Amino acid sequence: MRYACGEIHTFASSGWVAYLFLVRRTRPTHVISLIAVLVGVLLITQGLLGVLAPEAFVGVVRFFKAPSVIYLAAALRIAIGIVLLCAVTGSRLPIFLRVFGLLIVIGGVLTPFVGVQFADIILALWSSRGPGLVRLFTVVSLALGLFTVYAVSPARRNA
């Protein structure tokens with residue numbers, strides 16, 4: 001089937017092409033929500049790693065305890081907290097996201113000062129009690145990740 005030039009022009013300028021490519025852009029709130037979902041997925045992954053392979057999880061904690069990496073961990077925590085605070089708008093559980101995000105930011109600010117000592121205490125506790133305690137800690141991370149993904153998803157609208 002052949003189209004005349006006028007038909008192609010009419011087809012391309014019918015409005016939906018402009019909407020699809022020019023008007024309908026990703027809003028910043030959608031990007032923040034997507035990043036917040038990825039934060040929840042990161043927590044879920046961390047929790048699953050700890051439940052399924054506690055020794056590997058302890059190795060990751062030891063890695064982040066190194067003096068040169070502790071600042072990276074602090075910056076990562078602060079960034080994650082800010083993302084959760086920014087994702088409050090339009091979420092299902094804004095109070096949870098505010099409190100959780102604020103706690104993560106505070107933890108990130110404190111990490112360079114008390115992070116190594118806190119990690120030493122936790123690692124000593126885990127080594128004295130065994131992998132069961134590591135799994136208990138990471139189940140909490142898994143639950144927080146699932147809760148975060150649920151909280152960030154948009155509130156349901158009645159049709």
Side-chain angles (χ1 to χ4, degrees), residues 19-20 22-159:
Y19 175 76
L20 188 63
L22 302 173
V23 177
R24 188 177 178 213
R25 293 196 178 149
T26 306
R27 295 185 206 149
T29 55
H30 290 129
V31 173
I32 292 293
S33 296
L34 177 65
I35 296 170
V37 167
L38 292 175
V39 166
V41 169
L42 177 71
L43 289 169
I44 292 168
T45 304
Q46 174 181 310
L48 288 174
L49 176 66
V51 169
L52 300 174
E55 299 82 18
F57 180 78
V58 170
V60 171
V61 172
R62 280 200 178 98
F63 170 76
F64 276 100
K65 184 185 99 153
S68 60
V69 185
I70 199 84
Y71 296 106
L72 174 66
L76 190 61
R77 284 182 178 177
I78 291 170
I80 286 172
I82 290 171
V83 164
L84 292 180
L85 289 171
C86 291
V88 166
T89 335
S91 66
R92 289 179 185 229
L93 303 170
I95 294 173
F96 166 75
L97 288 176
R98 281 189 187 111
V99 171
F100 191 43
L102 188 61
L103 288 174
I104 292 175
V105 168
I106 291 170
V109 170
L110 294 176
T111 295
F113 306 108
V114 296
V116 174
Q117 295 89 355
F118 186 71
D120 285 337
I121 292 169
I122 294 295
L123 289 169
L125 183 65
W126 287 348
S127 66
S128 68
R129 306 280 188 210
L133 190 60
V134 175
R135 286 188 174 106
L136 180 65
F137 269 72
T138 56
V139 163
V140 172
S141 175
L142 179 63
L144 284 172
L146 291 169
F147 210 61
T148 300
V149 169
Y150 174 77
V152 170
S153 63
R156 289 188 176 216
R157 296 183 187 130
N158 293 333

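Treat the numbers as computed from the prediction; the structure is a model and nothing was measured.
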Review point. Could you state the interatomic distance from CG (L76) to OG1 (T111), rounded to the nearest 0.5 Å?
Key: 10.0 Å
Exercise for review: To the nearest 0.5 Å, tell me how far C86 SG sits from L84 CG.
Suggested key: 9.0 Å
Exercise for review: Applying side-chain hydrogen bond (donor to acceptor under 3.5 Å, both in side chains), name anything that partners T138, two or more places apart in sequence or on another chain.
Suggested key: none
Review point. Can you tell me how far OG1 of T148 sits from CG of L43, rounded to the nearest 0.5 angstrom?
Key: 5.5 Å
Check your understanding: For A124, which residues count as a side-chain contact (heavy atoms from CB on, under 4.5 Å) partner, sequence neighbours excluded?
Key -> none
Study note, to complete from the structure: The reported gap from CG in L110 to CZ in F118 (rounded to nearest 0.5 angstrom) is 11.0 Å
Check your understanding: Which pairs with one or both residues in residues 36-49 pass side chain to side chain donor-acceptor pair (under 3.5 Å), sequence neighbours excluded?
Key -> Q46-S141
Review point. For residues 108-120, which residue pairs qualify under salt bridge (Lys or Arg N to Asp or Glu O under 4.0 Å), counting only residues two or more places apart or in two chains?
Key: K65-D120
Exercise for review: Under the side-chain hydrogen bond (donor to acceptor under 3.5 Å, both in side chains) rule, collect the residues that match up with R135, sequence neighbours excluded.
Suggested key: none
Check your understanding: Any salt bridge (Lys or Arg N to Asp or Glu O under 4.0 Å) pairs touching residues 71-85, not counting sequence neighbours?
Key -> none
Practice item. Please assess V39 against V152 for the test side-chain contact (heavy atoms from CB on, under 4.5 Å), listing each intermediate value before the final yes or no. Key: CA-CA 10 Å; V39 166; V152 170; over 6 Å; no
Practice item. Sequence neighbours left out, what pairs pass salt bridge (Lys or Arg N to Asp or Glu O under 4.0 Å) with at least one residue falling in residues 52-63? Key: none
**Study point:** side-chain hydrogen bond (donor to acceptor under 3.5 Å, both in side chains) partners for Y150, two or more places apart
**Key:** R92
**Study point:** side-chain contact (heavy atoms from CB on, under 4.5 Å) partners of V140, counting only residues at least two apart
**Key:** L144
Point to revise | Least distance between heavy atoms, V88 atom then P94 atom | key: CG1-CB, 3.5 Å
Review point. Residues two or more places apart in sequence or in another chain: which of them pass side-chain contact (heavy atoms from CB on, under 4.5 Å) with L48?
Key: I44, L142
Check your understanding: A87 and S91: which non-hydrogen atoms are nearest, and at how many Å?
Key -> O-CB, 3.6 Å
Residues 96-106, side-chain donor-acceptor partners within the protein, below 3.5 Å, at least two apart:
none

Practice item. Can you run down the ring-ring contact (aromatic ring centres under 6.0 Å, His included) pairs that involve residues 33-67, sequence neighbours left out, and say none if there aren't any? Key: F57-W126
Practice item. List the atom of P67, the atom of I70, and the distance in Å for their closest heavy-atom pair. Key: O-CG2, 3.1 Å
**Study point:** Spacing of I80 atom CD1 and L42 atom CG [to the nearest 0.5 Å]
**Key:** 5.5 Å
Practice item. Apply side-chain contact (heavy atoms from CB on, under 4.5 Å) to V60 and L49, showing your working. Key: CA-CA 10 Å; V60 171; L49 176 66; 4.2 Å; yes
